[in-house]
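Remarks on the structure that follows.
Both counts, for ligands and for their atoms, begin at 1 and track the order of listing. No hydrogens, no waters, no symmetry mates; every other heavy atom, side chains included, goes into these values. Positions are given from 1 along the sequence.
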Amino acid sequence: MTRLAPGGHADVLVIGGGVIGLAVAWRAAQRGLGDVVVVDPTPGGGAARVAAGMLAPVTELQYGEEPLLRLGMASNERYAAFAAELTEASGGQDTGYRRCGTLAVALDSDDRAELRELHAFHLRLGLDSTWLTGREARKLEPMLAPGVRGGLHVADDHQVDGRRLLTALLLAGQAAGVVVRRTEAVELLVEDGRAVGVRLGTGESVTAGRVVLAAGPESHRLPGLPDGVLPAIRPVKGQILRLRIPEAYRPFLSRNVRAVVRGQHLYLVPREDGELVIGATSEEQGYDTTVTAGGVYELLRDAHELVPGITELPLVETSAGLRPGSPDNAPLLGPTALPGLVAATGHYRNGVLLTPVTADLIAEHLATGTTPELAAPFSPTRFATKVPA
Ligand code: GLY
């Protein structure tokens with residue numbers, strides 16, 4: 001039961017009602033950290049509403065990102081229990097979590113060489129990753145183009161449905177007593193060098209014991225945030241398509257399928273309910289979320305090269321979202337240089353994957369004041385240029 005009155009006080013105030021903000025708020029409320037308030041004009045929105053929801057720390061691994069791999073794998077390992085707990089806490093909302101594995105395939109000899117290197121890197125790190133010939137890959141996924149030249153099978157890279165996840169988080173948060181204010185946070189209130197609350201779009205002020213900034217690519221643009229506390233979080237646009245697989249064509253694909261086509265990452269994520277998500281472009285053009293003919297064309301062209309049968313499927317939705325990219329593409333997790341302000345932002349391509357572990361780490365910090373070891377490489381202060389006055 002909340003004691004919060006409008007214009008009142010929150011013990012934990014979360015700015016941003018996407019997957020990260022909602023999950024942090026839910027965990028904070030579960031841990032009994034007092035009145036928990038989320039501020040967002042459109043809670044349940046954000047990049048996860050657009051995302052395909054691939055949980056792929058191994059197939060998306062980049063060289064030099066081993067700490068991120070550890071964080072991603074820790075989150076992936078928590079997902080089954082997180083999804084089950086969320087379904088129960090939300091009164092039965094399914095999250096679409098599916099343990100399906102991922103196949104990453106090559107369409108030409110250059111792709112094949114690149115995937116071979118990734119496979120060798122996986123083996124050096126002791127990851128579970130199996131090399132397949134083209135024939136073996138097509139045996140797993142008969143809809144793949146005959147020209148597929150081989151690939152990698154990673155049995156532990158799975159998927160979740162970002163939209164269902166958002167709904168479940170909203171419901172679970174509500175059941176745990178989280179208050180959602182459907183308005184903007186128009187200013188961070190800072191007194192004596194400490195974050196003490198926010199001014200809302202309604203004109204009210206809410207004071208807060210701690211403020212958690214989880215506003216994705218808007219995070220560093222919050223008025224009142226002192227210079228140097230957060231780096232610029234750049235918006236990286238992703239356009240994505242949703243197709244429907246008619247009953248008669250199922251199972252069209254049985255697992256996530258990825259490829260690099262003409263240097264662009266492409267993935268097809270088949271859901272249990274018959275939705276097929278095809279993504280995604282990667283465009284650095286500011287805060288624009290227009291779906292363009294060129295973006296849709298490229299996705300369909302490349303997906304058709306990989307799985308020719310997609311042209312038979314109804315195209316039901318096109319959309320675009322903004323990934324929040326930090327300067328090193330890794331998230332910002334934990335206390336900032338401004339006392340009272342905690343960051344949970346900058347998750348770039350991994351927001352849905354990193355939701356369970358982010359919520360646990362931030363709630364742990366809020367409850368105990370310590371920074372868990374897993375979060376240490378992601379301190380928001382790693383970019384600090386100056387300490388705020
Ligand atoms: N993680 C997939 C993407 O960002 O497109």
For E60, the ligand 1 atoms whose distance to one of its heavy atoms is below 4.0 Å
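Reading through ligand 1 atom by atom, the close ones are 1 (N), 2 (C).
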May I ask you to decide whether E85 forms a salt bridge with R78, counting only side-chain N to carboxylate O separations under 4.0 Å?
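No, E85 and R78 are not salt-bridged.
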Ring geometry between Y79 and F82 (parallel below 30°, tilted from 30 to 60°, perpendicular above 60°):
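Judged by the thresholds at 30° and 60°, the geometry between F82 and Y79 is perpendicular.
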Heavy-atom contacts under 4.0 Å between H265 and ligand 1: side chain, backbone, both, or neither?
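No part of H265 comes within reach of ligand 1.
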Which segment of Y348 sits under 4.0 Å of ligand 1 when only heavy atoms are counted:
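Neither; no heavy atom under 4.0 Å.
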Students should be able to answer this: which protein heavy-atom is nearest to [atom], and at what distance?
{"atom": "atom 4 (O) of ligand 1", "result": "R323 NE, 2.7 Å"}
{"atom": "atom 2 (C) of ligand 1", "result": "Y267 OH, 3.3 Å"}
{"atom": "atom 1 (N) of ligand 1", "result": "R349 O, 2.8 Å"}

Say whether T381 and S379, considering side chains only, have a donor N or O and an acceptor N or O under 3.5 Å apart.
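The answer is yes; a qualifying pair exists.
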Which residue in the set V148, L144, I278, L313 passes side chain to side chain contact (heavy atoms under 4.5 Å, CB included) when paired with V307?
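Exactly one option meets the side chain to side chain contact (heavy atoms under 4.5 Å, CB included) with V307, and it is L144.
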Give the C-alpha distance, both sets of side-chain angles, the deciding distance and a yes or no for side chain to side chain contact (heavy atoms under 4.5 Å, CB included) between R181 and V179.
CA-CA 7 Å; R181 301 298 310 267; V179 172; 4.1 Å; yes
